[in-house]
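FYI, side chains are in, hydrogens and waters are out, and symmetry mates aren't considered; it's all heavy atoms of this structure.
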Amino acid sequence: MKSYPSYNVIWKYQIRSGYKEKFELAYGKEGAWSSFFSKSENYRGSYLLISNEEVYTYVLIDTWINQQSYEDFIRMNKETYEEMSSGFEYLYETEEKIGTFNSVR
């Protein structure tokens, strides 16, 4: 199986009680963020994971072909990115950027 290099931005969320469906809809595979990022041909998808151990805890992995393409997209769409970010804040208690990771070849 051939693997492709990728740049991954990983976030952790502790969502508010009662907002599971809305959070999953906004941050999931077909959600608002994925639709927004899909405007870039360099976006490879987002993966939303729910914790088995911690209630209301999710990890989100946004995947791009490389760091430069991610940073360029955010810079060119800064206003929309910030509006969306603030518009979804009501869904979670905490948002933590775990970090950025490159795929291992």
Side-chain angles (χ1 to χ4, degrees):
M1 174 185 260
K2 186 174 181 174
S3 66
Y4 298 93
S6 66
Y7 175 76
N8 303 279
V9 184
I10 304 179
W11 302 89
K12 182 178 179 181
Y13 293 90
Q14 184 74 31
I15 67 165
R16 296 182 193 279
S17 177
Y19 286 97
K20 182 181 188 306
E21 287 183 24
K22 287 184 179 184
F23 181 82
E24 290 179 2
L25 186 62
Y27 287 82
K29 192 172 189 155
E30 310 268 327
W33 282 106
S34 187
S35 295
F36 172 59
F37 290 147
S38 291
K39 295 176 182 179
S40 170
E41 63 187 24
N42 298 317
Y43 170 68
R44 293 295 176 250
S46 291
Y47 305 91
L48 184 62
L49 310 171
I50 187 168
S51 174
N52 291 322
E53 293 80 31
E54 297 179 45
V55 178
Y56 306 119
T57 301
Y58 289 79
V59 170
L60 176 67
I61 305 169
D62 294 321
T63 304
W64 296 77
I65 64 166
N66 57 45
Q67 182 177 356
Q68 190 65 54
S69 63
Y70 168 75
E71 290 174 355
D72 288 347
F73 182 83
I74 298 302
R75 183 177 32 77
M76 291 186 302
N77 297 280
K78 185 176 179 163
E79 187 175 318
T80 302
Y81 181 89
E82 289 175 353
E83 286 173 5
M84 288 180 67
S85 273
S86 63
F88 289 120
E89 285 179 349
Y90 75 98
L91 296 173
Y92 53 83
E93 295 285 341
T94 62
E95 173 189 58
E96 173 189 354
K97 185 175 183 180
I98 294 174
T100 59
F101 299 80
N102 291 307
S103 61
V104 177
R105 296 176 197 249

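For E82, the salt bridge (charged side-chain N to carboxylate O under 4.0 Å, His left out) partners two or more places apart in sequence, or in a different chain, are K78. Residues forming a side-chain hydrogen bond (donor to acceptor under 3.5 Å, both in side chains) with Y19 (at least two apart in sequence, or on another chain): none. Qualifying side-chain contact (heavy atoms from CB on, under 4.5 Å) partners for S34, counting only residues two or more places apart in sequence or in other chains: S38, Y43. Applying the side-chain hydrogen bond (donor to acceptor under 3.5 Å, both in side chains) criterion to S69, with sequence neighbours excluded, gives N66. Evaluation of the side-chain contact (heavy atoms from CB on, under 4.5 Å) rule for Y56 yields Q14, I15, S17 as partners, not counting sequence neighbours. Remark: E54 pairs with K12 by the salt bridge (charged side-chain N to carboxylate O under 4.0 Å, His left out) rule, at least two apart or across chains. In terms of the ring-ring contact (aromatic ring centres under 6.0 Å, His included) criterion, residue partners of Y58 (sequence neighbours excluded) are, by chain and number, F23. In this structure K20 satisfies the salt bridge (charged side-chain N to carboxylate O under 4.0 Å, His left out) test together with E24, sequence neighbours excluded. Under the side-chain contact (heavy atoms from CB on, under 4.5 Å) criterion, M76 pairs with D72, sequence neighbours left out. Evaluation of the side-chain contact (heavy atoms from CB on, under 4.5 Å) rule for K97 yields V9, W11, T100 as partners, not counting sequence neighbours. Every residue two or more places apart in sequence or in another chain was checked for a salt bridge (charged side-chain N to carboxylate O under 4.0 Å, His left out) with E71, and none qualifies.
The aromatic rings of W64 and F37 stand perpendicular to each other, their planes meeting at an angle above 60°, with 30° marking the opposite boundary. Below 30°, between 30° and 60°, or above 60°: for Y81 and F36 the angle between ring planes is between 30° and 60°, a tilted geometry. Using cut-offs of 30° and 60° for the angle between ring planes, the Y92 and Y27 rings count as perpendicular.
Here the CG-CD distance, from N77 to E83, works out to 11.0 Å after rounding to the nearest 0.5 Å. Rounding to the nearest 0.5 Å gives a distance of 3.5 Å between CH2 of W33 and OG of S85. Taken from CD in Q68 to OH in Y7, the straight-line distance is 10.0 Å, to the nearest 0.5 Å. The structure places OH of Y13 at 11.0 Å from CD of E96, a figure rounded to the nearest 0.5 Å.
In the displayed structure, E89 atom CD is contacted under 6.0 Å by more than 12 heavy atoms of other residues, nucleotides or ligands.
Linking Ile, Leu, Val, Met, Phe, Trp and Tyr residues whenever their side-chain heavy atoms come within less than 4.5 Å leaves I65 and Y70 in two separate clusters.
Between N8 and S103 the shortest heavy-atom distance is ND2-N, 4.2 Å.
Summarising the hydrophobic clusters (Ile, Leu, Val, Met, Phe, Trp, Tyr; side-chain heavy atoms under 4.5 Å, direct or chained), the residues clustered with F101 are I10, Y47, L49, V59, I61, I98.
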